Amino acid sequence: MPGKLEGKIAVITGGTSGIGRASARQCAAEGARVFITGRCEERLAKAVKELGPNIIGIRADVSNLADLDGLYAKVRAEEGQIDILFANAGIGEPMPLESITEEHFDKTFATNVKAVLFTAQKALPLLRDGSSVILNASTTASMGTAAFSVYSATKAAVRSFARNWILDLKDRRIRVNAISPGPTETPGLRGIAENEEQWQHVRAGFISGIPLGRLGKPEEVARLVVFLASDDSSFINGAELFVDGGFAQV
């Protein structure tokens with residue numbers, strides 16, 4: 001039986017770990033050929049080897065427009081089109097208001113907002129009419145989070161992109177949706193803690209606020225990505241879909 005994404009071409013930014021990696025694995029399992037990006041050549045090569053033959057790795061820093069041009073030149077040369085774009089790459093580090101620096105602000109907005117914008121814009125010549133664009137937002141766009149005001153602002157911008165771009169792209173019937181994961185067991189989330197003891201404290205704090213009583217798994221978010229990438233979601237457009245165990249809903 002063919003997969004939900006049989007024969008489709010997908011591009012997933014930040015595909016070497018966490019949600020991006022899990023999404024690449026599940027899209028490939030459903031029949032897609034998947035291009036993933038990563039900034040570290042070594043991690044990218046390892047991910048490609050472990051994820052299998054339907055995965056193509058391209059080293060790129062998505063906040064660098066020349067790297068994005070290189071990414072799409074490679075996709076154009078190999079496939080000539082894109083059916084699914086998951087703008088997943090992002091960064092986040094805690095920084096209370098009194099400690100925010102210009103460098104922190106610029107770095108976070110460059111990766112989480114600028115990169116998402118130009119990842120989508122530069123894909124337009126390759127995106128097929130009726131294709132699916134998925135943006136990785138966050139529950140932080142809908143709720144207050146101490147020491148994450150800059151990160152939260154970037155994710156609010158990402159959510160706004162989905163609403164606006166469906167109007168820009170309506171003549172091409174390109175769907176744009178945002179996903180908002182809650183706290184999820186990823187290297188990125190764990191990286192906000194400086195040591196194991198602090199991580200256990202942070203983890204317990206997140207879990208106490210999640211009605212399902214646990215952190216999410218990358219594979220659970222990836223299943224939502226596959227749904228939005230497939231024809232199963234053919235009338236879902238401009239939406240924000242939460243995969244958060246109820247974290248931002250109470």
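Bear in mind the structure is a predicted one, so any value in this text is a computation, not a measurement. Index from 1, following the sequence. These numbers come from the heavy atoms of this one structure, side chains and all, not from hydrogens, waters or symmetry mates.
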#### Entry: Side-chain (Glu6) to main-chain (Gly3) donor-acceptor, under 3.5 angstrom
yes
### Message
So that I can tick it off, tell me whether Asp67 and Arg59 are bridged by a salt bridge, with the cut-off set at under 4.0 angstrom between side-chain N and carboxylate O.
### Response
yes
### Query
Between CD1 of Ile174 and CH2 of Trp165, what distance do you get to the nearest 0.5 Å?
11.5 Å
### Task
Please determine, by modelled atom types, if Asn177 and Glu240 share a side-chain donor-acceptor pair under 3.5 angstrom.
no
### Task
For the residue pair Ser233 and Arg175, confirm or rule out a side-chain donor-acceptor distance under 3.5 Å.
yes
### Any Leu241 side-chain heavy atom under 4.5 Å of Leu228 side chain
yes
### Query
Does a salt bridge link Lys4 with Asp231, judged by any charged N lying under 4.0 Å from a carboxylate O?
no
### Task
For the pair Gln200 and Glu196, evaluate side-chain hydrogen bond (donor to acceptor under 3.5 Å, both in side chains) and give the outcome as yes or no after the intermediate values.
CA-CA 6 Å; Gln200 291 303 326; Glu196 180 63 24; 2.6 Å; yes
### Query
Looking at CD1 of Ile82 and CG of Leu127, how far apart are the two atoms once the value is rounded to the nearest 0.5 Å?
5.0 Å
### Message
So that I can tick it off, tell me whether Glu103 and Lys107 are bridged by a salt bridge, with the cut-off set at under 4.0 angstrom between side-chain N and carboxylate O.
### Response
no
### Query
Is Asn112 reaching over with its side chain to a backbone N or O of Ile91, donor-acceptor style, under 3.5 angstrom?
yes
### Task
Could you walk me through whether Phe161 and Val116 pass the side chain to side chain contact (heavy atoms under 4.5 Å, CB included) test, one step at a time?
CA-CA 9 Å; Phe161 281 158; Val116 170; 4.0 Å; yes
### Query
What is the distance from atom CG of Asn88 to atom OG1 of Thr119, rounded to the nearest 0.5 Å?
10.5 Å
### Message
Give me the atom names and distance for the closest heavy-atom approach of Ala47 to Thr16.
### Response
CB-CA, 4.1 Å
### Message
Looking at Glu185 and Arg203, is any side-chain nitrogen of the basic one under 4.0 Å from a carboxylate oxygen of the acidic one?
### Response
yes
### Query
How many angstroms lie between OG in Ser132 and CG in Asn237, if you round to the nearest 0.5 Å?
9.0 Å
### Message
Using modelled atom types and a 3.5 Å cut-off, is there a donor and acceptor pairing between side-chain atoms of Gln198 and backbone atoms of Glu194?
### Response
yes
### Task
Spell out, as yes or no, whether a donor-acceptor pair under 3.5 Å connects the side chain of Ser99 to the backbone of Met95.
no
### Query
Would you call Ser63 and Phe118 a side-chain contact if the rule is heavy atoms closer than 4.5 Å?
no
### Task
Determine, step by step, whether Val225 and Gln26 satisfy the side chain to side chain contact (heavy atoms under 4.5 Å, CB included) criterion, reporting the C-alpha distance in whole Å, the side-chain angles of both residues, the deciding distance to 0.1 Å, and the verdict.
CA-CA 9 Å; Val225 172; Gln26 292 201 25; over 6 Å; no
### Query
Could you give the distance from CZ (Phe86) to SG (Cys27), rounded to the nearest 0.5 Å?
8.5 Å
### Summary
When every non-hydrogen atom of Leu51 is compared with those of Ala24, the smallest separation belongs to CD1-CB, 4.2 Å
### Message
Applying side chain to side chain contact (heavy atoms under 4.5 Å, CB included) to Val34 and Asn54, what does each step give before you reach the verdict?
### Response
CA-CA 6 Å; Val34 185; Asn54 281 337; 5.8 Å; no
#### Entry: Euclidean distance, Ile19 CD1 relative to Glu220 CD, rounded to 0.5 Å
10.5 Å
### Message
Using the side chain to side chain contact (heavy atoms under 4.5 Å, CB included) criterion, which residues pair with Val243? Sequence neighbours excluded.
### Response
Pro181, Val221, Leu224
### Query
Does a sphere of radius 6.0 Å around NE2 in His201 hold more than 12 heavy atoms from other residues, nucleotides or ligands, not counting ones at 6.0 Å or beyond?
no
### Query
Would you say Ser131's side chain and Arg128's backbone share a donor-acceptor pair under 3.5 angstrom?
yes
### Nonpolar side-chain network containing Phe148, other nodes, edges under 4.5 Å
Met143, Tyr151, Leu189, Ile192, Trp199, Val202, Phe206, Ile207, Ile210, Leu212, Leu215, Phe247
### Task
Provide the full list of ring pair (Phe, Tyr, Trp, His ring centres under 6.0 Å) pairs with a residue in residues 29-83, sequence neighbours left out, each pair given once.
none
### Query
Would you say Lys122 has more than 12 foreign heavy atoms packed within less than 6.0 Å of its NZ?
yes
### Query
Between Lys46 and Glu42, is a side chain to side chain contact (heavy atoms under 4.5 Å, CB included) present by the stated rule, with each step listed?
CA-CA 6 Å; Lys46 182 179 179 182; Glu42 183 179 346; 5.9 Å; no
### Message
Is it the case that the side chain of Thr37 and the backbone of Gly14 share a donor-acceptor pair, with hydrogens and angles ignored and the cut-off at 3.5 Å?
### Response
yes
